[in-house]
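So the structure is just underneath, and the comments pick up after that.
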Amino acid sequence: MAHFDEYLSSINKIPSYTGNPPTSKEEYESRIKFKDGVTPPTWEEVQAGTALEECRNKRLHEYVGGEHHGGLHIELEKLWDDIDAGKFGETAKTGKFYTDVKTIKEKFPKP
């Protein structure tokens, strides 16, 4: 599903259109239709929302199967190791889990 569709679904505004998602404000305003009574988001809101969806998807890929992670079970193992080592509060920021997630968030910052 395109980031366009993911974003609109996340705000419960399901569009009606054929073909690919729009790539410009003009396309959006002319091709995309919503049910009566639904206030369409502006093109600017759609762009911001789709950028956020893209960021979330990239982060999710890294969290659960990115090149250096190996899957969600590995992340949970790191979290368990940190808890077992007593890393709480500020000390938690030195743990394997926190530093890995921080690296991903820095690699893919929110727009």
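Under the 4.5 Å side-chain contact rule for hydrophobic residues, Tyr7 and Ile14 do not share a cluster. Connection of Trp80 to Phe88 is not established within any shared hydrophobic cluster, with ILVMFWY side chains joined at heavy-atom distances below 4.5 Å, either directly or through further cluster members. Hydrophobic clustering of Ile, Leu, Val, Met, Phe, Trp and Tyr side chains at less than 4.5 Å, counting indirect connections, unites Val46 with Val38.
Distance alone, capped at 3.5 Å, is enough to place a donor-acceptor pair between the Thr94 side chain and the Thr91 backbone. Judged purely by atom type and a 3.5 angstrom limit, Glu45 uses its side chain to pair as donor or acceptor with the backbone of Thr42. A donor-acceptor pair is defined here as one N or O able to donate and one able to accept, closer than 3.5 Å; such a pair exists between the side chain of Lys33 and the backbone of Ser30. A distance-only check finds no donor-acceptor pair linking the side chain of Asp82 to the backbone of Lys87 [under 3.5 Å].
The CZ atom of Phe4 sits 11.0 Å away from the CD atom of Gln47 when rounded to the nearest 0.5 Å. For the atom pair Thr50 OG1 and Glu6 CD, the distance stands at 10.0 Å (nearest 0.5 Å). For the atom pair OH of Tyr98 and CG of Leu79, the computed distance is 13.5 Å after rounding to the nearest 0.5 Å. To the nearest 0.5 Å, the span separating CG on Asp100 from NZ on Lys102 amounts to 12.0 Å. From Arg56, atom CZ reaches atom CZ of Phe108 across 15.5 Å, with rounding to the nearest 0.5 Å.
Inter-residue side-chain proximity for Cys55 and Pro111 is flagged as met; some heavy-atom pair is nearer than 4.5 Å. Between Pro21 and Tyr28, every side-chain heavy-atom pair lies at or beyond the 4.5 Å cut-off. In this structure the side chain of Leu8 reaches within 4.5 angstrom of the side chain of Phe34, judged on heavy atoms.
Using a cut-off of 4.0 Å between Lys/Arg side-chain N and Asp/Glu carboxylate O, Arg59 and Glu62 are scored as not salt-bridged. At a threshold of 4.0 Å, the pair Lys96-Asp81 counts as salt-bridged, since one of the basic side-chain nitrogens sits closer than that to a carboxylate oxygen.
For residues 11-20, the set of pairs meeting the side-chain hydrogen bond (donor to acceptor under 3.5 Å, both in side chains) definition, not counting sequence neighbours, comprises Asp5-Tyr17.
Considering every non-hydrogen atom in both Trp43 and Pro22, the closest pair reads CH2-O, 3.7 Å.
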